[in-house]
Amino acid sequence: LNNEIIHKLGDDSVNFIKSAKFMIDNNTLTFSNENNIYQHQPGISYFYALEILIFKNESRLLQILNIILFFIIFYNFKDKLIAKMGPSESLIFKLLILLSIPYIIKNTLYTYAEWLTVLFICCLPLLYFKKKNYLFYIILALIPFIRQNLTIACFILFIFIQLELY
């Protein structure tokens with residue numbers, strides 16, 4: 001459980017972890033000495049740097065803790081959503097959850113950014129319905145920081161929430 005993870009060369013996870021370790025080793029918030037620091041998803045590197053600082057290395061134990069964190073939040077998200085569905089809709093949703101479990105575990109074990117993005121997206125309705133507006137907006141703003149291709153979707157969601165509130 002405490003052995004350090006070895007990543008496949010050319011994989012996105014190599015860049016994430018390399019950037020995280022560079023930040024730790026050089027006491028900086030930049031990824032490297034390269035000019036284009038936003039060449040890849042910046043938010044996940046900060047997340048992994050924080051985890052490596054706390055746990056001292058990237059290990060299988062850390063990945064298992066990430067999987068447990070994901071499923072705790074995902075379970076709460078599922079319960080809130082299923083409570084608002086009919087029987088046939090909840091069955092389809094449960095099947096979708098069951099089929100997505102291997103994908104989420106693989107994403108977490110491969111140290112990709114998608115699992116954290118999905119985790120943050122699952123947090124949004126939980127925070128919205130609990131009226132935790134400031135935390136909702138912080139998480140919404142962090143999603144494009146982890147996955148830039150969701151910037152437009154997050155902006156549209158922000159507009160819809162603002163229209164509903166006023």
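Numbering of residues begins at 1 and proceeds along the displayed sequence. Computed from a predicted model, the values in this text were never measured in an experiment. All values below come from the heavy atoms of this structure, side chains included, with hydrogens, waters and symmetry mates left out.
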| When rounded to the nearest 0.5 angstrom, what distance separates CD in Glu51 from CD in Glu58? | 8.5 Å
| query | Between Tyr75 and Phe71, is a ring-ring contact (aromatic ring centres under 6.0 Å, His included) present by the stated rule, with each step listed? | reply | CA-CA 6 Å; Tyr75 182 77; Phe71 281 108; 9.9 Å; no
| Heavy-atom closest contact (Gln63 atom, Leu109 atom, distance) | NE2-O, 2.7 Å
| query | Just wondering, do Phe55 and Leu65 contact through their side chains at under 4.5 Å, heavy atoms? | reply | yes
| note | Output for pair (Lys21 NZ, Leu53 CG), nearest 0.5 Å, gives 12.0 Å
| message | Is there a path of hydrophobic side-chain contacts, each under 4.5 Å between heavy atoms, that joins Leu95 and Ile97? | response | no
| For the atom pair CG (Asn15) and OG1 (Thr111), what is the distance rounded to the nearest 0.5 Å? | 12.0 Å
| note | Closest non-hydrogen atoms of Cys123 and Ile73, given as atom of the first, atom of the second and distance, are SG-CG2, 3.7 Å
| said: Quick one, Leu29 and Tyr46 - any side-chain contact, counting heavy atoms below 4.5 Å? | reply: yes
| said: Within the supplied structure, the quantity of interest is the number of heavy atoms (other residues, nucleotides, ligands) at a distance under 6.0 Å from Phe93 CZ; does it exceed 12? | reply: yes
| field | Verify same cluster id: Leu157, Phe129 (apolar side-chain graph, 4.5 Å) | value | yes
| Shortest non-hydrogen contact between Thr151 and Pro144, atoms and distance | OG1-CB, 3.4 Å
| task | Flag yes if Leu135 and Ile121 sit in one hydrophobic cluster, no otherwise; membership is Ile, Leu, Val, Met, Phe, Trp, Tyr, and two members link when side-chain heavy atoms are under 4.5 Å apart. | result | yes
| What about Leu99 and Val118, same hydrophobic cluster or not, with Ile/Leu/Val/Met/Phe/Trp/Tyr joined at side-chain heavy-atom distances under 4.5 Å? | no
| message | Please tell me whether Phe136 and Leu163 are part of a single hydrophobic cluster in this structure, the criterion being side-chain heavy atoms less than 4.5 Å apart. | response | yes
| task | Kindly indicate whether the side chain of Phe158, heavy atoms from C-beta on, has any atom under 4.5 Å from the side chain of Cys154. | result | no
| field | Positive for ring pair (Phe, Tyr, Trp, His ring centres under 6.0 Å) with Phe47, one of Phe145, Trp115, Phe120, Phe16 | value | Trp115
| Separation between CD1 of Ile143 and CD1 of Ile138, rounded to the nearest 0.5 Å | 12.5 Å
| Stepwise side-chain contact (heavy atoms from CB on, under 4.5 Å) check, Asn133 with Tyr137 | CA-CA 6 Å; Asn133 292 339; Tyr137 289 124; 4.2 Å; yes
| note | Note: Leu62 and Asn57 closest approach over all heavy atoms is CD2-O, 3.9 Å
| Exercise: identify the closest heavy-atom pair between Gln148 and Pro42 | NE2-CD, 2.7 Å
| task | State whether the number of non-hydrogen atoms from other residues, nucleotides or ligands found under 6.0 Å of Tyr110 atom OH is greater than 12. | result | no
| request: Could you tell me whether a side-chain N or O of Tyr48 sits under 3.5 Å from a main-chain N or O of Lys18, the two making a donor and an acceptor? | output: no
| query | Around Ile152, counting heavy atoms of other residues, nucleotides and ligands shown, do more than 12 lie under 6.0 Å from its CD1? | reply | no
| field | Ile146 CD1 to Ser45 OG distance, which is reported to the nearest 0.5 Å | value | 10.5 Å
| message | Please give me the minimum heavy-atom distance between Ala20 and Ile52, naming the atom from each residue. | response | CB-CD1, 4.3 Å
| Does Tyr128 reach the side chain of Ile161, with side-chain heavy atoms less than 4.5 Å apart? | yes
